[in-house]
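As structure tokens, the structure follows; a few thoughts come after it.
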Amino acid sequence: MEYQELHYDIEPKNYIDELLECSLESTFSFVIDHPISPNTNQEETPIDVDIERLLQLETELMEFDFINPDATMNTEMSQEIHEDVEEFSPEEGSSPVKEIQDELMEDSSLADLLLTAAEAVESENWSLASTVVTRLHNLLHDHVNGDKPFNRLALFFTQGLHCKTSSSAPDFVQDSANKHSDNTMSAFQMLQELSPYIKFAHFTANQAILEATQHDEEVHIIDFDIMEGIQWPPLMVDLAARKNASLRITAIVCDERSSGVIGQTGRRLEEFADSIDLPFVFDQMEMVKEDDFERIAVGPTLIANCMIHLLHMPHKGSSQVKTFLNGISKLRPKILVLVEEELFNFSKMASMSFVDFFCEALHHYTALSESLMSGFCGGYKLALRIIEKEFLGKRILDSVRQFPCGGKERNMWRDGYPTLKGFRPIPVSSYSISQAKFLVSLFSGGYWVQHEHCRLALCWKSRPLTSASIWVPTPRKTASGSTSL
């Protein structure tokens, strides 16, 4: 059987009416009078941010302890850097090169110093790298609590560079990937209420799923990183409106420590499904190797949902992403929906050097920070600080410290880098494009939607922030030479 493109004759149910009428998705519970089934007009509904909660957090964040150099790069750590410099550097006054370096660093901007440190790390010049990191630390010590967001970003990058120059990661780095403070959910709610970042990902992915399954009754979704399951209630409401529709979600567990949290997510989704009379099944599978996917009893219509490296999501290693994509390719889903932070785009990452990646990361997170500032002006500056603490800082630090720099390290990393082998992209529907553009128009600032090469990208000014694309399995050749699904 020759492979057929996905065409949609019936205009699928869309979210534009919902966007006109609703605030954003509720973060903490799924209820029947959820904003996805609203009765109020968008113009009459103010952005629902808990101001009292912000005020409660003010005392904690006014001193900005979470990026206070004394808290994150403490005295012992600073001493360690100075010891490294003494170990690798020539004696005081013995080298004119050292004097020139010190003089240059006195006059260099933060960005120049960051790039100098990145170049030193890539060339494994640990003496210079440690010296520049120490200089950055000293410069940022007096300015990090000010109103200049770039100073705070610079400290996050400095922390990542410190991890490259130090033989052991400090405690705040080791805990960053798994530690969730009491403010994490507040930060998540603020991020989705005051920017299109999360909603662009969820609505674009859900629209693609609705279009691909519009003639199907039994829908089975395998979700790479379900987190709290906020993406799925709007889709569930639309499926419940269909005759004889049912939904099954299989959540992938990459870390057994997250199994309990995923189980709670499943129970909340089951309660919500009961409230809207949607037949629903939730299960989870611990993913260790590609063969684990053979244990999944696949439903009639299989959809793969893969959201990776988005700002609010925990970091996933490239080996985990590769295992998921290779495993899901064996199941040949009807579509794979991929939403990824543009900095980690598959087509660019594998060929980047450490300095290339560092420069891209510096531009990317600066643009992201500027975009958030456009919605977090005035009384919402505190909200931006919370998001920087809970998401932005950790993501920058993880990105820098985990990207390989040495030749051997890079070769091993490149060999294990995920690919979309076995899939090919298909065009995004015109309706999805219109919906995405309308969504972004609801937010102020320089947000816009770019559509090219079978993908949609949420952009800030000239820079893409995150992109969504739809992939289908490549046709298989039969023994007779024809192609089939």
Side-chain angles (χ1 to χ4, degrees), residues 1 3 177-178 205 209 212-213 216 218-227 229 231-232 246-263 265-266 269 280-310 313-340 344 346-347 349-350 402 404 409 411-426 469-479 483-485:
M1 174 180 173
Y3 184 80
N178 299 313
I209 295 171
T213 63
D216 303 312
E218 300 179 40
V219 179
H220 181 190
I221 298 173
I222 298 180
D223 194 350
F224 177 58
D225 194 355
I226 195 167
M227 296 185 66
Q231 176 181 353
W232 301 123
S246 66
L247 175 64
R248 174 186 167 197
I249 294 179
T250 299
I252 297 299
V253 180
C254 296
D255 183 347
E256 62 180 1
R257 290 175 295 181
S258 63
S259 179
V261 174
I262 292 176
T265 294
L269 290 173
F280 177 74
V281 174
F282 181 89
D283 53 25
Q284 54 181 286
M285 184 201 77
E286 184 176 356
M287 182 188 72
V288 178
K289 56 187 184 301
E290 296 173 18
D291 293 342
D292 291 334
F293 285 83
E294 297 175 1
R295 297 189 280 112
I296 299 178
V298 177
T301 302
L302 179 64
I303 304 293
N305 187 73
C306 185
M307 296 201 177
I308 53 175
H309 300 135
L310 301 188
M313 305 182 77
H315 179 83
K316 299 292 185 183
S318 58
S319 61
Q320 294 174 320
V321 179
K322 182 178 182 180
T323 300
F324 176 80
L325 293 176
N326 289 350
I328 206 71
S329 67
K330 297 178 180 180
L331 302 181
R332 299 186 67 79
K334 190 169 187 179
I335 62 168
L336 163 67
V337 181
L338 177 66
V339 182
E340 55 186 334
F344 301 94
F346 287 168
S347 63
M349 278 281 287
Q402 294 188 22
E409 184 185 11
N411 290 336
M412 293 177 61
W413 174 81
R414 188 183 291 111
D415 292 341
Y417 195 74
T419 66
L420 286 162
K421 183 179 180 181
F423 290 96
R424 65 185 182 88
I426 61 172
S469 54
I470 309 169
W471 300 74
V472 295
T474 53
R476 290 173 172 171
K477 286 191 175 182
T478 64
T483 58
S484 64
L485 287 175

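Quick note: numbers below take in every heavy atom, side chains included, and nothing from hydrogens, waters or symmetry partners.
The closest side-chain donor-acceptor pair between Ser259 and Gln284 falls under 3.5 angstrom.
Taking the side chain as every heavy atom from C-beta outward, Phe282 and Ile262 approach each other to under 4.5 Å. Thr301 is not listed as a side-chain neighbour of Glu218, based on a closest heavy-atom distance of 4.5 Å or more. Using a 4.5 Å heavy-atom cutoff, the side chains of Met227 and Met307 are not in contact. Residues Leu420 and Leu336 meet the side-chain proximity criterion, which asks for heavy atoms closer than 4.5 Å. Counting only heavy atoms from C-beta outward, the side chains of Pro475 and Arg424 approach each other to under 4.5 Å. The shortest distance between side-chain heavy atoms of Thr323 and Gln320 does not fall below 4.5 Å. The shortest distance between side-chain heavy atoms of Ser246 and Phe280 does not fall below 4.5 Å. Contact annotation: the side chain of Asp216 never approaches that of Pro300 to less than 4.5 Å [non-hydrogen atoms, C-beta and beyond].
A donor-acceptor pair is defined here as one N or O able to donate and one able to accept, closer than 3.5 Å; such a pair exists between the side chain of His309 and the backbone of Lys316.
To the nearest 0.5 Å, atoms OG1 (Thr213) and CG (Leu302) are separated by 12.0 Å. Atom CH2 in Trp471 sits 13.0 Å away from atom CD1 in Ile335 (nearest 0.5 Å). How far CZ of Phe344 is from OG of Ser318: 11.0 Å, rounded to the nearest 0.5 Å. Put simply, CD1 on Ile249 and CD1 on Ile221 are 5.0 Å apart, with the number rounded to the nearest 0.5 Å. Atom CE of Met313 is separated from atom CD of Glu340 by 12.5 Å, given to the nearest 0.5 angstrom. Taken from CD in Gln231 to CG in Leu269, the straight-line distance is 10.5 Å, to the nearest 0.5 Å.
Taking each heavy atom of Glu290 and Lys330 in turn, the nearest pair found is OE1-NZ, 3.6 Å. Nearest heavy-atom pair, Phe423 versus Ser329, reported as atom, atom and distance to 0.1 Å: CE1-CB, 3.5 Å. For the pair Arg248 and Gly299, the tightest heavy-atom approach, listed with the atom from each and the gap, is NH1-N, 4.2 Å. The minimum heavy-atom distance between Ile252 and Met287, with the atom names listed, is CG2-CB, 3.6 Å. The heavy-atom pair separating Leu325 from Pro418 by the smallest distance is CD1-CB, 4.2 Å. The two residues Ala251 and Ile226 come nearest to each other via the heavy atoms CB-CG2, 3.8 Å.
With sequence neighbours excluded, the residues satisfying ring-ring contact (aromatic ring centres under 6.0 Å, His included) with Phe293 are Phe324. A search for side chain to side chain contact (heavy atoms under 4.5 Å, CB included) contacts involving Val261 returns nothing, not counting sequence neighbours. Partners of Asp223 by side-chain hydrogen bond (donor to acceptor under 3.5 Å, both in side chains), not counting sequence neighbours, listed by chain and number: Trp232, Asn305.
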